[in-house]
S.K.: 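Take a look at the following structure, please.
A, B, ... follow the sequence lines: proteins, then strands. Residue 1 opens every chain. Please read these numbers as outputs of a predicted model, since none were measured by experiment.
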2 protein chains.
Amino acid sequence: MTTAAPVPSSRELPHPTCEEIRLEGVLHALSDPVRLGIVRELAAEGVALACSHFDVPVSKSTSTHHFRVLRESGVIRQVYEGTAKMNALRRDDLEALFPGLLDTLLTAATRQADRGSEV
Amino acid sequence: MTTAAPVPSSRELPHPTCEEIRLEGVLHALSDPVRLGIVRELAAEGVALACSHFDVPVSKSTSTHHFRVLRESGVIRQVYEGTAKMNALRRDDLEALFPGLLDTLLTAATRQADRGSEV
DNA sequence: GACGTACTACGATGCCTATCGTACGAGCCG
DNA sequence: CGGCTCGTACGATAGGCATCGTAGTACGTC
């Protein structure tokens, strides 16, 4: 069962520790539709995804910016894997800090999305 | 029992309908520390409070701005009562739109505040 | 009517941020 | 090595927003 520990590349990225994660920062990060969409997709898939996987309606450089905001606010963890940069929700950390928050937010986002599509 | 139905003044203020309330807007409104503090106090008191009741660390005009953001995002309802402007959480509306969200957010905010004061 | 209080409107300012294009670096593959 | 893909860095830009001070309006009270 050599699950191929996916060889995290050399370059490391700075992440906030749990103590450094601020609720205001998380809320601000999720208050942007593009970033909320990214987080929703990450949650839906349940696994780490490369930046290129997402179909965001912005340019590549803007996309990079949004991923950085998510990382610096403590919402996602980013790790290089070859040329790809894998993104994973920091579910456990967020759950420990703000119990139930992520799930409630995701549910709220889904409800709103359903609301909109019920034309 | 003339509970003095508090005579809402003539001037009316525009509020978003429930359909118009956007999750992103709510999150953005609450991502500011001043506004989050206002909402926390409103929730703690449980009743409508005049703007002047709050001890915010900003000027009066900035305070007005924050209350407007909260109103326009659908988080609070504002009604004039004489010279005072009463502010109330739109608990029921928010609960209907995003079940559990407000309470989860308030709990998260409290936890974070406690974290900080545990020196 | 005169005064005080509560809040607003307006204009200014400086910062933050979402957006882009272009040029570049890091790793894979042939 | 040469090229390809993925993502970054940088600079520019335009709009948003938190902040303030001042001047003004609405309302209650004397």
S.K.: Send over the distance from A:D55 CG to D:dC6 P, rounded to a whole Å.
M.R.: 14 Å
S.K.: So, B:T62 side chain and B:V58 main chain: donor-acceptor pair closer than 3.5 Å or not?
M.R.: no
S.K.: Let me have a per-nucleotide readout for nucleotides 18-25 of chain D, 5' to 3', with B, S or -, counting only protein heavy atoms under 4.0 Å.
M.R.: SBBB----
S.K.: In this structure, are over 12 heavy atoms from other groups packed under 6.0 Å from B:D114 atom CG?
M.R.: yes
S.K.: Please collect all ring-ring contact (aromatic ring centres under 6.0 Å, His included) contacts where either partner lies in residues 46-71 of chain B, sequence neighbours excluded, each pair once.
M.R.: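 Qualifying pairs, neighbours excluded: B:F54-B:F67.
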S.K.: Considering the options B:M86, B:R71, B:R91, B:R90, which one meets the side-chain contact (heavy atoms from CB on, under 4.5 Å) requirement together with B:R77?
M.R.: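 Running side-chain contact (heavy atoms from CB on, under 4.5 Å) over B:M86, B:R71, B:R91, B:R90 with B:R77 returns exactly one hit, B:R90.
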S.K.: Separation of B:I76 atom CD1 from C:dC7 atom C1', in whole Å?
M.R.: 13 Å
S.K.: What is the distance, rounded to the nearest whole Å, between atom CG of B:N87 and atom P of C:dC7?
M.R.: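 Atom CG in B:N87 sits about 8 Å away from atom P in C:dC7.
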S.K.: Categorize B:S52 for me: base, sugar-phosphate, or nothing, with a 4.0 angstrom heavy-atom threshold over every strand shown.
M.R.: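 Sugar-phosphate contact only - B:S52 comes under 4.0 Å of backbone atoms but never of a base.
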S.K.: How long is the line joining CD of A:E72 and P of C:dA18, in whole Å?
M.R.: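 About 12 Å, once rounded to whole Å.
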S.K.: A:L49 CG to D:dG7 C1': how many Å, rounded?
M.R.: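 Taking atom C1' of D:dG7 as the reference, CG of A:L49 is at 16 Å.
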S.K.: Could you state the atom-to-atom distance from CZ of B:F54 to P of C:dC7 in whole Å?
M.R.: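 B:F54 atom CZ is separated from C:dC7 atom P by 10 Å.
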S.K.: Donor-acceptor pair, distance only, cut-off 3.5 Å: does the side chain of A:R35 make one with the backbone of A:V69?
M.R.: no
S.K.: Write down the distance between CZ (B:R68) and P (D:dC17), rounded to a whole number of angstrom.
M.R.: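 Between P of D:dC17 and CZ of B:R68: 12 Å.
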S.K.: Where the side chain of B:T83 is defined as all heavy atoms beyond and including C-beta, which of D:dC6, D:dG28, C:dC7 is the nearest nucleotide?
M.R.: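 Nearest to the side chain of B:T83 among the choices is D:dG28.
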S.K.: Using modelled atom types only, decide if a donor and an acceptor are shared between the side chain of B:R111 and the backbone of A:L97 within a distance under 3.5 Å.
M.R.: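 Answer holds: yes.
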S.K.: C:dA6 C1' sits how many Å from B:L13 CG, rounded?
M.R.: 13 Å
